[in-house]
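Beneath this line is the structure, given in structure tokens, with notes to follow.
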Amino acid sequence: MADSRPTIVLTRPLTDDVESRLQRQFNVLRCENAAQREAAALAAMIARADAVCPTVADRIGAAELQQAGSRLRIIANFGVGYDN
């Protein structure tokens, strides 16, 4: 049986409680190292995702988003503030 949960990309590790909850609701793709956060690797992960959860330290530019396609529905920052 195929998993019908949406897929989310996490660019960095989050708190255990947040990751636990996300794992129940999503197929979670993690950037395990800095190489996976580089533009080409990140774009490939985003292309498979319904959602992306970066942190304030991550940069996601037009090149990465152009490869996302219509599947990507939300990019939600894990952090505080409004000017990032």
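Here, residue 1 is the first one in the sequence, and each next residue gets the next number. None of these values were measured; they are calculated from a predicted model.
- Under a hydrophobic clustering in which Ile, Leu, Val, Met, Phe, Trp and Tyr are joined whenever their side-chain heavy atoms come within less than 4.5 Å, directly or via other members, Phe78 and Leu22 fall into the same cluster.
- In this structure, the side chains of Leu65 and Leu72 come closer than 4.5 Å at one or more pairs of heavy atoms.
- Gln36 places a side-chain N or O within 3.5 Å of a backbone atom of Glu32 that can act as its donor or acceptor partner.
- Atoms CD and CE, from Gln67 and Met45 in turn, are 13.5 Å apart once rounded to the nearest 0.5 Å.
- Nearest heavy-atom pair, Gln25 versus Pro6, reported as atom, atom and distance to 0.1 Å: O-CD, 3.7 Å.
- By the criterion of side-chain heavy atoms lying less than 4.5 angstrom apart, applied directly or through intervening Ile, Leu, Val, Met, Phe, Trp or Tyr residues, Phe26 is not grouped with Val9; the two fall into different hydrophobic clusters.
- When hydrophobic side chains of Ile, Leu, Val, Met, Phe, Trp and Tyr are connected at separations under 4.5 Å, Ile74 ends up as a singleton with no cluster partners.
- A distance of 7.0 Å separates CG of Asn77 from OG1 of Thr55, quoted to the nearest 0.5 Å.
- Without hydrogens or angle criteria, Arg37 side chain to Thr11 main chain gives a donor-acceptor distance under 3.5 Å.
- Arg71 is linked by a side chain to side chain donor-acceptor pair (under 3.5 Å) to Thr7, Asp50, counting only residues two or more places apart in sequence or in another chain.
- For the atom pair Gln66 CD and Ile46 CD1, the distance stands at 12.0 Å (nearest 0.5 Å).
- Here the shortest heavy-atom pairing between Ala35 and Ala41 reads O-CB, 3.6 Å.
- Residues Val52 and Leu10 fall into different hydrophobic clusters, defined by Ile, Leu, Val, Met, Phe, Trp and Tyr side chains chained together at heavy-atom separations under 4.5 Å.
- With values rounded to the nearest 0.5 angstrom, Gln23 atom CD is found 11.0 Å from Ile8 atom CD1.
- Within a 6.0 Å radius of CG in Asp16, no more than 12 heavy atoms belonging to other residues, nucleotides or ligands are found.
- Within the 4.5 Å cutoff, no side-chain heavy atoms of Val28 are placed close to those of Glu19.
- Counting heavy-atom neighbours within 6.0 Å of Arg5 CZ, excluding the residue itself, gives a total above 12.
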